[in-house]
Structure formats: C-alpha cells, structure tokens
Amino acid sequence: MARHLITSALPYINGIKHLGNMVGSMLPADVYSRYLRQRGHDVLYICATDEHGTPAELAAKEAGLSVADFCAQAHDAQKAVYDGFALAFDYFGRSSSQQNVEITQHFARRLNENGFIEERAIRQVYSPTDGRFLPDRYVEGTCPHCGYDKARGDQCENCTRVLDPTDLINPRSAISGSTDLEVRETKHLFLLQSKLQHEVEEWVAAHEAEWPQLASSIARKWLTEGLHDRAITRDLDWGVPVPADTWPELAAEGKVFYVWFDAPIEYIGATKEWADEDPSTRDWKSWWYESDETVRYTEFMAKDNVPFHTVMFPATELGVREPWKKVDYVKAFNWLTYYGGKFSTSQKRGVFTDQALEILPADYWRYFLIANAPESDDSSFTWEHFTATVNKDLADTLGNFVNRVLSFSKKRFGEEVPAGSEPGEAEAKLGEQIAELLSEYETQMEALQFRKAAAALRALWSAGNSYLEEKAPWLEIKTDKDGAALTLRTAMNLIHLYSVVSEPFIPATSAAMRQAFALKDDTATWISEAEAKSLTSVPAGTPFTVPPVLFAKLTDEDLETYKERFGGTAE
C-alpha cells in the first residue's frame, strides 16, 4: 500500500479557531486520513500551531504573558479542542520547536549559498517611544481605501486590501499607541523569488491538472502576475533567529525569519518532532527527503493559504537544491460563511470550535461541516440549516434506524441477533444496492470530493430505511416470524456496516454502533464488495445491546437558543 503524507494548514496561535478554520483544513484532512488508514495505507498526518509573527507577540502582550508562555498555553488550549473534535493527528507540533529552528536555518543557509537570498536596505516604520522598528501588524491606523480606523499595517480587515504600514493614515504603534513614528532605514533578507519564477512555473505546470480548479487557478494567477522578491526577516523578539554564522550583523540586531518563511517548513519540523519522540522506530527523513517515488503528499487548506503552498513554499524548496518532498495534491477550500458574512476571530463573529463542543458532541459538527464543505464555492452556516441537517440525516435517517431495529429486535426476539429464514430476493436486491453505493462512496473519498462522499454515505443510510419500510418487520412478524427475524438480522448487519464505513465522518457514533454487537475478533477495517452484498458479518446468535440515543433531535426551542446566543445574521 502507498505511503500518504498529509498536512493541514497550521492554525495560528492567537486564539481558538472558528468552524470555518476547522472545515477549511484540519477536519477534511482528518476524514481523509482516517479513510486511508481503514483502507490499509501507511498514513502520517502532521499539523502544528503556527506561533511566530506579530499577532503572537500582540496577543501575548494583551494577555500579560511572555510570548513563550502565551504560546505554550495557547497550544495546549487548541490541542484540547482538536482532541474534542477527534482529530487523529499522528503529531501536533509547534513551529517554535528547536527542530523547526534548525531546519529553517538550514534552508536559509542553502538558499543563500545558491544565490537566492539577498540582503537589502529598506525603509521601515520606527517608534522612538517603543525604541524599535514596527513590523506590519505593529502599526495600526486608518485605511486609505475604505476609511476603516483599525486597519493593520499588513491588511485592512474591513475591505481586505493588502497594505504597507506606510500606507496608513494617522498611523500609531500597536504597542504603545504612540503616533510619534518615523521612517528609518534598516536591513532585511529577501528571498529572490523572481529568479525562481521559471522553475516554479514548470513545477506547477506538471501538477496543476490534477489539483482542484480553485488551487490551480490561484497558483496560475500569482505566476501570471509575476513572482516578486520578498522580505523573509522581521524586527521581532520572537521567531526563528537569523543564524549568526551566516549573517552576523543581522543576527546581532535580533532579526528573525518572517512567519511565512518558517511556517511551511514546520511541516518538516513537526515530522522530526514526531520522530524524535521514538527515533528507534520513526524515520522522519524517509517521508520528506528523496521520497518522491514512495510518498504521496496531500495538503489541505483554505484558499487564502493556497499561494504560499503552491508558489512560495515550492520556490523555497526548489531553491534549496536538495530533494525535499513537494506537494502532490493541494485540496483547497473556499470560505464557510456565517449567514453569508465572514467569520472573524478578532471580532468574535460566528461559532468557534470550543463553543461548538459546549453545545453538542463533535460528531454533529463533523458530519454537518463535511456534508456542507465549501469545495466548489463558498457555503453558508446558518442555524436553520444546521438543525435541519442534524434532524434529517443524523437523528432520523441514521439514529432512528439503529434505535428502532435494535429496540424492536430486543423486544420480540431477545438480546441476541435472531436467525430467521434464508435471505431472499429483497435481501439480494439490497446487497447489490449497498455494494453499488459503497463503491460510489469509495470513489468520492479517493477523489477527495467530500460533499459527494457525504451524499453517498447518506444514501447508504437511506437504503437501510427503505429496506426496513419495504419489509415492515412490525407487520411481518404477525404472519411470518422467521421472515421478520431475517429482516432484523439483515438490518443489524447494515448497522455494523455503517459502523465501519461511517468512521471517517462520525468516529464516536461509529464506535457506539460497533460496540452494540459482542462480536468475537471484530477486526474489520473496511467492508468488501462481497461482504456488502452478503450482509452476513453479524451472524445469528451474536449478543447485542441497544445503545443510548445516537443523535438527539434539535427542537425549535434549541434553534432559538442558538440564534439568541450567536446571532442569526452575519453582523
């Protein structure tokens, strides 16, 4: 089986992420990783907190903590939420790790040796009050385009225009609030992406046909506009230090690498963190170095991260002139909106992942988000849509099927799977249908088409309900007890099948369904076509229990409560 390396865009350290962040990277990566593991592949799913850059320093200042302490606490808080969502990372690291420091500095040295880094003098905002240069987000002011008075020096959150600190009207220090600002000359390192343009174009051309249109179109747009040389250092107290053995003057000034230079390298750094925990059995380099023929690498991210992963990081890897693994497939997502408006971490608009888990267990959210993933275009989260999906798909189609089959069988036949008669025409027809739907589900999962995969899974659940309605064992038992027993036994085998194939979407619920049957040596990781057609994995005589309600139906009162707490509009 193939070896699959999977990464999702690193969640930034400053605060708990919202549902849009979850569905735009980490959750689909987890669903795909789980599916591949079930199919027998060797999978390594890596992620980490992105801990460098001005927002980390500003958030630490606001919290009254050192940046190191703030990042450590924030990392643990985020990891707790991801554990709550049952994200099965193989390793969840930190971009501030020593491993990332060493690999980032190695990349910088090699780029410099190969002529792709240049030291340049630039003019930058300086605050005499703070006694320091102010990188992008350390400068706030009024946007010259829309008049928003809290625009940051890198981008206006209101109109989304990209800015330079010197563009702002009435600029002020984000540290002290001082308006006594100057523009002084300082030196920084620039990655000469312009010299790598042709190589990046060739690399993208060799891969873009396989990527989703969203990813390839964004990459192509950046290349068409031309790659510009980009500053990769900042004047910050927190970050990967510029190595003194290569740039002694800049190191003495305390320069650190720009977060978007070291963050993608942390995919490699986190893999080394993982390997260093058990070096006798884990080899990080086999996943990343000279591994083009043995590893398939898939990245998951929202569209705003696509340029960095399809153009900038590949340029870095190409410029190093070493055989580091580059991405094979970029799964890019559009935005999940909140009632058509933008989720906002800074403005606390929308539902955040910790709040979601306070309301309902993870499987409710996992299923809804993947079933409505913003793949081909933006999708909107509304409480009305959420409650309708939970009630129709999870509570009625799946949960009610499981409950009524097991409850009725227990009431009429006891706590073991009944035997009944031999399968007939209805069961043969059902088996063919289930095998066909399972094949469709597999096809869509292999293609990373998550909404279509969710539709195929939902169709599998619906097929069980249709069979049950057709056979109507509650009527059948009055005239043909063995026939009713066959119907219930077949339906129980469907429940077991659902428990296996639904695991990537709803792992906790799948475990509950599977544990309902006291099967000996139940080691099935997937369902074969023959097993889907025969539906005999759970034989007669198998003890079973009726699990608690899998999914509670959400009421109109629940809906109003959610809307009152979070708002029923984008604003």
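Any value given below was found using the heavy atoms of this structure, including those in side chains, with hydrogens, waters and symmetry copies removed. Values in this document were obtained by computation on a predicted structure and should not be read as measured data.
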Open item on the list: Check K331 with E299, please: is the shortest side-chain N to carboxylate O separation under 4.0 Å?
Closed with: no
- [ ] For atom CD of E436, decide whether the heavy atoms of other residues, nucleotides or ligands shown that lie under 6.0 angstrom number more than 12.
- [x] no
TODO: Would you mind checking if E529 and K533 are paired as a salt bridge, meaning a charged N to carboxylate O distance below 4.0 Å?
DONE: yes
Open item on the list: Counting neighbours of CD on E358 that are heavy atoms of other residues, nucleotides or ligands and sit closer than 6.0 Å, is the number greater than 12?
Closed with: yes
Open item on the list: Taking E415 first and then K410, would you say they form a salt bridge - that is, a charged N and a carboxylate O separated by under 4.0 Å?
Closed with: yes
TODO: Could you tell me which non-hydrogen atom of G269 sits nearest to which non-hydrogen atom of I103, and how far apart they are?
DONE: CA-CD1, 3.9 Å
Task: Nearest-0.5 Å distance, CG of residue L468 to OG1 of residue T490 - done: 10.5 Å
TODO: Consider only side-chain N and O atoms of E375 and N334, and report whether a donor and an acceptor are under 3.5 Å apart.
DONE: no
TODO: Examine F368 together with W365 and report whether their ring centres are nearer than 6.0 Å.
DONE: no
TODO: State plainly whether the residues E503 and R37 are in salt-bridge range, i.e. N to O under 4.0 Å.
DONE: no
- [ ] Check whether the side chains of T561 and E564 place a donor and an acceptor atom closer than 3.5 Å, and report yes or no.
- [x] no
Task: NZ/NE/NH1/NH2 to OD/OE distance under 4.0 Å, E51 and R94 - done: yes
- [ ] Before accepting this row, confirm whether a basic side-chain N of the pair R296/D328 lies closer than 4.0 Å to the acidic partner's carboxylate O.
- [x] no
TODO: Step through it carefully: locate the ring centre of H75, locate the ring centre of F92, and say whether they are under 6.0 Å apart.
DONE: yes
Open item on the list: Under 4.0 Å between a side-chain nitrogen and a carboxylate oxygen: does that hold for K285 and E290?
Closed with: no
Task: Check ion pair K325-E317 (N to O, under 4.0 angstrom) - done: no
Open item on the list: Main chain of A518, side chain of K520: is a donor-acceptor contact present, judged purely on distance under 3.5 Å?
Closed with: no
Task: Donor-acceptor contact present, side-chain Y498 to main-chain L460, <3.5 Å - done: yes
Open item on the list: Taking the basic N atoms (NZ, or NE/NH1/NH2) and the acidic carboxylate oxygens, is any pair closer than 4.0 Å for D378 and K303?
Closed with: yes
Open item on the list: Applying the ring pair (Phe, Tyr, Trp, His ring centres under 6.0 Å) criterion to Y367, which one of F85, W461, F450 satisfies it?
Closed with: W461
Task: Any side-chain donor near an acceptor of the partner, Q433 and Y467, under 3.5 Å - done: no
Open item on the list: Taking S462's backbone N and O only, do any of them form a donor-acceptor pair with S466's side chain (distance below 3.5 Å, no angle check)?
Closed with: yes
- [ ] Answer yes or no: is there an ion pair linking E469 with R404, defined by an N-O contact shorter than 4.0 Å?
- [x] yes
Open item on the list: Using a 3.5 Å distance criterion without hydrogens, assess whether the side chain of H41 forms a donor-acceptor pair with backbone atoms of V43.
Closed with: no
Task: Test item: N493 side-chain N/O and L535 main-chain N/O as donor-acceptor pair under 3.5 Å - done: yes
Task: Check: Y82/T353 side-chain N/O donor and acceptor closer than 3.5 Å - done: no
Open item on the list: Less than 6.0 angstrom separating the ring centers of F551 and Y364, yes or no?
Closed with: yes
Open item on the list: Please confirm whether the ring centroid of W526 lies under 6.0 Å from the ring centroid of Y35.
Closed with: yes
Open item on the list: Do E273 and S97 pair up side chain to side chain, a donor and an acceptor below 3.5 Å, judged on atom types alone?
Closed with: yes
TODO: Hey, could you give me the OG/CG distance between S376 and L214, rounded to the nearest 0.5 Å?
DONE: 9.5 Å
Open item on the list: Strictly distance-based, threshold 3.5 Å: is any side-chain N or O of S216 a donor or acceptor partner for the main-chain N or O of W211?
Closed with: no
- [ ] Give a yes or no on whether the backbone of P11 and the side-chain of D50 come within a donor-acceptor separation of less than 3.5 Å.
- [x] no
- [ ] Give, for atom CG of L87 and atom OG of S25, the distance between the pair rounded to the nearest 0.5 Å.
- [x] 9.0 Å
- [ ] Look at R366 together with D30 and state whether they make a salt bridge at an N to O cut-off of under 4.0 Å.
- [x] yes
Open item on the list: Looking at D292 and K326, is any side-chain nitrogen of the basic one under 4.0 Å from a carboxylate oxygen of the acidic one?
Closed with: no
TODO: Compute the centroid of each ring, for H309 and then for Y267, and state whether the two points are separated by less than 6.0 Å.
DONE: yes
TODO: Please confirm whether the backbone N or O of S33 pairs with a side-chain atom of Q38, one donor and one acceptor, at under 3.5 Å?
DONE: no
Open item on the list: Can you confirm whether more than 12 heavy atoms, excluding those of D278, are under 6.0 Å from its CG atom?
Closed with: yes
Task: Minimal non-hydrogen separation, E266 against A48, with atom names - done: OE2-CB, 3.4 Å
Open item on the list: Before we go on, tell me: are the rings of F333 and W335 under 6.0 Å apart, centre to centre?
Closed with: no
TODO: Tell me whether the centres of the aromatic rings in Y297 and W287 are closer together than 6.0 Å.
DONE: no
Open item on the list: Surrounding CD of E277 (heavy atoms of other residues, nucleotides or ligands, distance under 6.0 Å), is the total greater than 12?
Closed with: yes
- [ ] Flag yes if more than 12 heavy atoms outside K481 fall under 6.0 Å of its NZ atom; otherwise flag no.
- [x] no
- [ ] Calculate, to the nearest 0.5 Å, the distance between atoms CG and CG belonging to L430 and L494 respectively.
- [x] 5.0 Å
